[in-house]
Participant: 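If you scroll down you'll find the structure; I have some questions about it.
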Amino acid sequence: VQLQASGGGLVQAGGSLRLSCAASQRTFNGRALGWFRQAPGKEREFVAAVTWSGGRTFYASSVKGRFTISRDNSKNTVYLQMNSLKPEDTAVYYCAAHRWGFPILSSIVNANEYDYWGQGTQVTVSS
């Protein structure tokens, strides 16, 4: 397994969760990392991403100001801190490794530009 996501669970609206994704060094090094999510009956959508250096982050408008993506290159791990959760955040969350380290915006939000995917972790937000 090259990407292993964890930290999902059931939380009440307004609560917080922190997702983690541990990667192999080969999968992690030199790559931007992203989080996507897929709700039942919906297409997979971009949530957040961070460049290889961690210097730039990108967010979907629906989560901006509530979610924070970060990475620890010494641990080959990327995190997604999710605050003020809403029922519409309910989905399976996937971490993924982009093919480049510093992609432009149109590339970093495109799931087809990611080479490796984790298995997903379920996040359920109750109202």
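We count residues from 1, following the sequence as given.
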Participant: Short question: side chain of Tyr59, backbone of Ala49 - any donor-acceptor pair under 3.5 Å?
Facilitator: no

Participant: Between Asn73 (side chain) and Trp52 (backbone), is there a donor-acceptor pair under 3.5 Å?
Facilitator: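 Indeed, once roles are kept as given, a pair shorter than 3.5 Å links the two residues.
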
Participant: Donor-acceptor pair, distance only, cut-off 3.5 Å: does the side chain of Thr90 make one with the backbone of Val125?
Facilitator: yes

Participant: Test the Arg99-Tyr114 pair against the cation-pi criterion, namely NZ or CZ under 6.0 angstrom from the six-membered ring centroid and within 45° of the ring axis.
Facilitator: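 So Arg99 doesn't make the cation-pi contact.
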
Participant: Going by distance alone, is a donor N or O of one side chain under 3.5 Å from an acceptor N or O of the other, for Gln25 and Thr27?
Facilitator: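 Checked: Gln25/Thr27 side chains show no N/O donor-acceptor pair below 3.5 Å.
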
Participant: Residues in side chain to side chain contact (heavy atoms under 4.5 Å, CB included) with Arg44, at least two apart?
Facilitator: Phe36, Gln38, Tyr94, Trp117

Participant: Give a yes or no answer on whether the side chain of Asn29 reaches the backbone of Arg26 with a donor-acceptor pair at less than 3.5 Å.
Facilitator: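 Not a single qualifying donor-acceptor pair exists.
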
Participant: Just checking, any donor-acceptor pair under 3.5 angstrom between side chains of Asn83 and Ser16?
Facilitator: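 Yes, because at least one side-chain N or O of Asn83 sits under 3.5 Å from a partner of the opposite role on Ser16.
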
Participant: Between Gln2 (side chain only) and Gly118 (backbone N and O only), is there a donor and an acceptor less than 3.5 Å apart?
Facilitator: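 Side chain of Gln2 to backbone of Gly118: no pair is present.
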
Participant: With distance as the sole test, does Arg71 use its side chain to make a donor-acceptor pair with the main-chain N or O of Thr51 at under 3.5 Å?
Facilitator: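 Yes, the answer is positive, given that a donor and an acceptor are paired below the 3.5 Å cut-off.
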
Participant: For residues Tyr79 and Val63: do they belong to one hydrophobic cluster (side chain heavy atoms under 4.5 Å, members Ile, Leu, Val, Met, Phe, Trp, Tyr)?
Facilitator: no

Participant: Using the rule that Ile, Leu, Val, Met, Phe, Trp and Tyr join whenever any side-chain heavy atoms are under 4.5 Å apart, tell me whether Val109 and Val47 fall into a single cluster.
Facilitator: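 No; Val47 is not reachable from Val109 via cluster members.
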
Participant: When rounded to the nearest 0.5 angstrom, what distance separates NE2 in His98 from CD in Glu113?
Facilitator: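 It comes to 5.0 Å.
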
Participant: Parallel, tilted or perpendicular for Phe67 and Tyr93, by the 30°/60° rule?
Facilitator: tilted

